[in-house]
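What you see is a predicted model, and the numbers here were worked out from it, not measured in a lab.
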Amino acid sequence: MSKIKLCGLMNSIDAYYANEAAPDYVGLVFDKRRHFISDERAFSIRQALDSNIPAIGVFVNEPQKHIINLVQQEVIQFVQLHGCETETYITKLKEHISCPIIKVVSVKTTEDILMMEHTKAEYIMLDHGIGGTGKTFNWKLIPAIIKPWFLAGGINLSNIEKALDYHPFCIDISSGAETDGVKNREKMIALVNKVRLYNQQMK
């Protein structure tokens, strides 16, 4: 059964929408792109967010001290590495945190995915480019994968069932849950409901 992550929460209102939608995870972006939030903003979102919904911190080549601090202060419960982080980086980070790590793969070929299957991260995420592009990659490139994996990139209400047909561990949605760059309550709820209904039908 697939889970769902709603990524790119920007404020407490987004957190309240997430509480109502009840996804399995939310994402907080600490890389300075469109969904970037400061640590202070992340604190306020975590306080507004249901304690039963884990927050995944998204980082790109981030100094480890910053990640460790956010984990220790319980702002985030997962770490998502979206840059050029090496296995040595992941090994050193795991010496200081016990929460799961997700390593993102920028998919251009099937080999890109197979090469990452042996990462020390607990999960891999398959995405288009650097993420947040709102574009899908060619899902036909996805091989049989042993390690639990997230599927990201351009997923929305129109193609989420097709994405679920690949049976990822988790679907990751950011811009697909927005209208004009702002989180949309109705879309968030509808996306989560589609995943729940799909899972029920697969039983």
Side-chain angles (χ1 to χ4, degrees), residues 1-8 23-31 35 53-62 67 71 76-87 89-91 93-94 97-177 191-192 194-203:
M1 301 294 103
S2 296
K3 299 179 183 295
I4 181 169
K5 170 192 169 201
L6 297 178
C7 196
D24 298 286
Y25 311 100
V26 299
L28 306 179
V29 179
F30 295 92
D31 179 50
H35 291 101
I53 302 176
I56 299 177
V58 181
F59 304 93
V60 177
N61 305 322
E62 190 75 14
I67 298 174
V71 171
I76 57 174
Q77 288 70 49
F78 280 65
V79 172
Q80 179 177 320
L81 302 176
H82 223 300
C84 301
E85 299 87 2
T86 64
E87 287 301 295
Y89 178 104
I90 293 172
T91 298
L93 183 59
K94 289 173 76 69
I97 63 172
S98 58
C99 69
I101 296 175
I102 305 163
K103 183 66 183 84
V104 179
V105 183
S106 177
V107 179
K108 296 179 179 63
T109 67
T110 297
E111 287 68 30
D112 293 332
I113 303 170
L114 294 173
M115 287 176 60
M116 194 56 66
E117 269 223 274
H118 301 291
T119 177
K120 293 180 176 66
E122 284 79 6
Y123 304 87
I124 59 175
M125 177 181 290
L126 312 184
D127 200 354
H128 175 280
I130 62 170
T133 63
K135 298 179 181 179
T136 60
F137 63 91
N138 182 2
W139 294 340
K140 293 181 180 179
L141 295 173
I142 301 172
I145 303 173
I146 297 173
K147 187 179 285 289
W149 57 285
F150 288 62
L151 180 58
I155 302 172
N156 53 49
L157 285 167
S158 68
N159 65 3
I160 189 169
E161 285 97 344
K162 183 178 179 181
L164 288 164
D165 285 340
Y166 286 84
H167 306 295
F169 169 78
C170 185
I171 294 285
D172 187 319
I173 301 173
S174 183
S175 59
L191 286 161
V192 173
K194 276 183 175 284
V195 173
R196 302 286 187 258
L197 179 59
Y198 185 97
N199 288 338
Q200 289 177 2
Q201 293 172 342
M202 291 298 293
K203 289 182 179 179

Indicate yes or no for a side-chain donor-acceptor contact from [X] to the backbone of [Y] under 3.5 Å, with no hydrogens or angles considered.
X      : Y      : answer
Glu117 : Lys147 : yes
Glu87  : Lys120 : yes
Ser2   : Pro168 : yes

| said: Among Val104, Ile102, Ile101, Val58, exactly one meets side chain to side chain contact (heavy atoms under 4.5 Å, CB included) together with Leu81. Which residue is that? | reply: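 The residue from Val104, Ile102, Ile101, Val58 that satisfies side chain to side chain contact (heavy atoms under 4.5 Å, CB included) with Leu81 turns out to be Ile101.
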
| said: Below 30° counts as parallel, above 60° as perpendicular, anything between as tilted: where do the rings of Phe78 and Tyr25 land? | reply: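 Correct class here is perpendicular.
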
| Tyr198-Asp165 side chain donor-acceptor pair, cut-off 3.5 Å |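 Result is yes, a qualifying pair exists.
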
| Qualifying residues under side chain to side chain contact (heavy atoms under 4.5 Å, CB included), relative to Lys140, sequence neighbours excluded |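 Partners of Lys140 by the side chain to side chain contact (heavy atoms under 4.5 Å, CB included) criterion, ordered by chain and then number, come out as Asn138, Tyr166.
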
| message | If you define the side chain from C-beta out and look only at heavy atoms, does anything of Ile142 sit under 4.5 Å from Phe137? | response |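 The answer is yes; the side chains approach within 4.5 Å.
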
| request: Give a yes or no on whether Met115 atom CE has more than 12 heavy-atom contacts from other residues, nucleotides or ligands under 6.0 Å away. | output: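 Not buried by this count: 12 neighbours or fewer within 6.0 Å.
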
| query | Under the side-chain hydrogen bond (donor to acceptor under 3.5 Å, both in side chains) test, which residues partner Asn199, sequence neighbours left out? | reply |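 Per chain and number, Asn199 pairs via side-chain hydrogen bond (donor to acceptor under 3.5 Å, both in side chains) with no residue.
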
| request: Test side chain to side chain contact (heavy atoms under 4.5 Å, CB included) on Asp172 and Ile56 and set out the steps. | output: CA-CA 11 Å; Asp172 187 319; Ile56 299 177; over 6 Å; no

| query | Which heavy atom in Pro143 sits nearest to a heavy atom in Leu114, and how many Å separate them? | reply |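 Closest approach of Pro143 to Leu114: CG-CD2, 3.8 Å.
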
